[in-house]
Amino acid sequence: MSIRLRFSLLAIILLAVLPCLRAQDGEAAYSFLNIPSSTLAYGLGGINISNISDDVNAADRNPGLLGPEVEMQLGVNYMRYIGDSNFAGVKFGRGAGDHGAWAAGVQYYGYGAIKGADVNGVLTGEFSPKEMVFSGTYAHDISDRWRGGGSVKFVYSSFDEYNAFAVAADLGVNYYNPDADFSFSAMVANLGGQVKRFNEKYDRLPVDVRLGASKSFGSLPIVFSITAWNLTKWHLPYYHSGDGTESADPELKDNFGGNLFRHLIFGAEFVPTDKFRIGLGYNYKTRTDMSAYKRSFLSGFSASLGLNVRNFALGVAFAQPHSGATTLMVNISTNLYEFTR
């Protein structure tokens with residue numbers, strides 16, 4: 001298949017998808033699909049689709065980033081999230097020839113124990129809501145500098161006696177120029193819908209269009225990233241609670257500057273060697289979403305640390321979106337073929 005034909009097919013897909021995206025109104029369910037399982041992404045602001053990495057844990061950031069460099073790589077991740085929520089998962093990736101790769105994984109989202117009650121308020125005991133995502137990804141080189149890929153995600157949700165099932169897909173491309181150390185990505189995330197509903201109500205998936213770029217400058221070992229997301233709508237208003245007192249009325253914020261920066265995520269990663277990396281990110285939307293009296297000074301900021309030790313790669317990420325919510329994520333990956341030599 002020629003490069004021109006491949007880009008034509010991609011353009012047709014995007015033209016078919018975009019009208020559906022513009023028709024989306026209101027808030028979608030399944031927002032947990034936007035929580036990354038990669039310490040790289042979490043440390044760079046929560047969403048990053050352009051920073052280049054050979055870690056299979058980062059495969060779900062953008063299917064267009066997956067490549068043969070993940071050959072026989074196994075990765076596990078764990079996240080201590082807000083409240084009693086605990087998330088964990090495992091991924092495996094393998095090359096498919098010299099120009100392709102595939103990956104498969106499962107992710108578990110547990111939200112802790114919650115007290116149940118009937119319509120009269122009588123307690124019925126505790127239940128543990130949970131969700132799982134089974135995913136498969138394939139990517140292939142379009143040319144020397146372009147790569148495209150797609151992921152299919154099967155989503156299962158269970159809340160007490162109610163359960164639902166949904167199917168979602170991610171489509172992404174990446175352009176990488178190694179001479180300029182410049183990466184650009186575009187993707188459509190969470191395209192799909194529910195197959196089985198909780199009840200009569202239809203819950204939408206958080207379908208999103210995202211653009212991202214990463215670049216280093218000169219000999220400085222720092223990669224700067226900017227990611228634009230929530231591009232299906234411009235207005236992202238939020239309420240600011242003032243000084244947090246009971247007499248203070250929340251103020252609606254919906255100005256040009258606020259909407260612009262709530263679409264952008266900034267990140268910088270210091271990579272002095274291939275054995276060590278430190279990342280820092282800033283997500284203005286997270287900070288404004290948490291604009292309450294007890295918002296943490298660190299709200300909106302996140303940080304990550306990556307180490308390569310012998311046959312293992314270790315990643316740790318930290319964020320505190322609210323003073324009462326400290327989140328920690330850990331990634332571990334290894335190349336299985338190293339143990340067969």
Side-chain angles (χ1 to χ4, degrees), residues 1-24 28 33-34 36 38 40-41 44-54 58-67 69 99-103 135-153 168-192 205-216 223-234 236 259-267 269 281 283 285:
M1 184 182 293
S2 68
I3 295 175
R4 179 175 296 179
L5 179 56
R6 288 171 178 169
F7 275 108
S8 297
L9 290 174
L10 177 62
I12 292 172
I13 292 173
L14 292 178
L15 288 174
V17 166
L18 289 176
C20 299
L21 301 180
R22 288 194 292 267
Q24 301 285 342
L33 291 174
N34 290 326
S38 160
L40 173 62
L44 295 179
I47 293 179
N48 183 288
I49 66 171
S50 57
N51 189 293
I52 302 299
S53 171
D54 60 358
D60 58 356
R61 294 184 299 131
N62 174 8
L65 294 175
L66 184 68
E69 58 273 8
H99 300 285
W102 62 266
S135 63
T137 301
Y138 179 77
H140 196 85
D141 292 340
I142 301 172
S143 68
D144 291 341
R145 295 184 176 179
W146 282 95
R147 178 179 291 172
S151 296
V152 178
K153 299 180 286 188
D170 296 341
L171 302 173
V173 294
N174 173 257
Y175 168 84
Y176 179 60
N177 183 342
D179 298 328
D181 197 18
F182 172 73
S183 171
F184 170 79
S185 292
M187 69 172 294
V188 179
N190 305 318
L191 183 66
L205 273 65
V207 183
D208 191 17
V209 172
R210 300 168 183 172
L211 301 173
S214 298
K215 178 77 169 70
S216 65
V223 180
F224 298 93
S225 298
I226 182 170
T227 305
W229 68 310
N230 281 315
L231 297 183
T232 60
K233 56 184 176 181
W234 166 252
L236 295 174
N259 283 313
L260 174 63
F261 281 96
R262 278 168 64 81
H263 284 86
L264 301 177
I265 299 174
F266 302 91
E269 189 176 35
N283 187 325
K285 186 176 186 300

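Basis for what follows: all heavy atoms, side chains included, without hydrogens, waters or symmetry-related copies.
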Engineer: Would you please indicate yes or no on a ring centroid separation below 6.0 angstrom for W102 and Y138?
Structural biologist: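 No, too far apart.
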Engineer: Of all the heavy-atom pairs spanning N177 and D179, show the shortest one and how long it is.
Structural biologist: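 Scanning both residues, the minimum pair turns out to be OD1-N, 3.0 Å.
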Engineer: Atom CG in N259, atom CG in L264: separation rounded to 0.5 Å?
Structural biologist: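 Output value for this atom pair is 11.0 Å.
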Engineer: Under 3.5 Å, is there a donor-acceptor pair between the side chain of H263 and the main chain of N230?
Structural biologist: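 Looks like yes, one N/O pair under 3.5 Å.
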Engineer: Grab the two heavy atoms, one from A180 and one from K215, that are nearest each other, plus how far apart they are.
Structural biologist: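 Reported closest heavy-atom pair: O-NZ, 3.0 Å.
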Engineer: Return yes if some donor-acceptor pair links the side-chain N/O of H140 with the main-chain N/O of H99 below 3.5 Å, else return no.
Structural biologist: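 Pair found, side chain donor or acceptor close to backbone of H99.
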Engineer: How many angstroms lie between atom CZ of F224 and atom CG of L44, to the nearest 0.5 angstrom?
Structural biologist: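 Answer rounded to 0.5 Å: 12.0 Å.
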Engineer: Check whether any side-chain heavy atom of D170 lies under 4.5 Å from a side-chain heavy atom of M187, and answer yes or no.
Structural biologist: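 D170 vs M187: side chains touch.
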Engineer: Does K285 reach the main-chain N or O of I265 with its side chain, forming a donor-acceptor pair under 3.5 Å?
Structural biologist: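 Checked: no pair found.
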Engineer: Between F261 and F266, how do the two ring planes meet: parallel, tilted or perpendicular, split at 30° and 60°?
Structural biologist: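 Tilted, since the angle between the ring planes falls between 30° and 60°.
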Engineer: S183 versus N174: any side-chain heavy-atom pair under 4.5 Å?
Structural biologist: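 The answer is yes; the side chains approach within 4.5 Å.
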Engineer: Please give me the minimum heavy-atom distance between S185 and L65, naming the atom from each residue.
Structural biologist: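 Heavy atoms of S185 and L65 come nearest at OG-CD2, 4.2 Å.
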Engineer: Checking side-chain polar atoms at under 3.5 Å, does S214 have a donor or acceptor matched by the opposite partner on S225?
Structural biologist: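 Side chains of S214 and S225: pair found under 3.5 Å.
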Engineer: To the closest 0.5 Å, what do you measure between CG (L191) and CG (L171)?
Structural biologist: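 Nearest 0.5 Å value for the CG-CG distance: 6.5 Å.
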Engineer: Going by ring-ring contact (aromatic ring centres under 6.0 Å, His included), W146 matches just one of Y175, Y176, F184. Which one?
Structural biologist: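 Single pass found, and it is Y175.
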Engineer: Going by heavy atoms in the side chains, are S151 and S135 under 4.5 Å from each other?
Structural biologist: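 Side chain of S151 against side chain of S135, heavy atoms only: no contact under 4.5 Å found.
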Engineer: Which atoms form the tightest heavy-atom contact between P63 and G172, and what is the distance?
Structural biologist: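 Shortest heavy-atom separation between P63 and G172 comes out as CG-N, 3.8 Å.
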Engineer: Regarding S50 and N62, do their side chains bring together a donor and an acceptor under 3.5 Å, going by distance alone?
Structural biologist: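 Looking only at side-chain atoms, N62 and S50 do not form any donor-acceptor pair under 3.5 Å.
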Engineer: Do K153 and D60 come close enough that some side-chain heavy atom pair is under 4.5 Å?
Structural biologist: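 No, side chains not in contact.
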Engineer: With sequence neighbours left out, write down each residue that passes side-chain hydrogen bond (donor to acceptor under 3.5 Å, both in side chains) with N34, or none if nothing qualifies.
Structural biologist: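 By the side-chain hydrogen bond (donor to acceptor under 3.5 Å, both in side chains) rule, N34 matches N190, R210.
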Engineer: State which residue, out of V209, N48, N283, I49, fulfils the side chain to side chain contact (heavy atoms under 4.5 Å, CB included) condition with W229.
Structural biologist: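 Exactly one option meets the side chain to side chain contact (heavy atoms under 4.5 Å, CB included) with W229, and it is N283.
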Engineer: With R147, which residues qualify under salt bridge (Lys or Arg N to Asp or Glu O under 4.0 Å), at least two apart?
Structural biologist: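 If we apply the salt bridge (Lys or Arg N to Asp or Glu O under 4.0 Å) test to R147, skipping adjacent residues, the hits are E69, D141.
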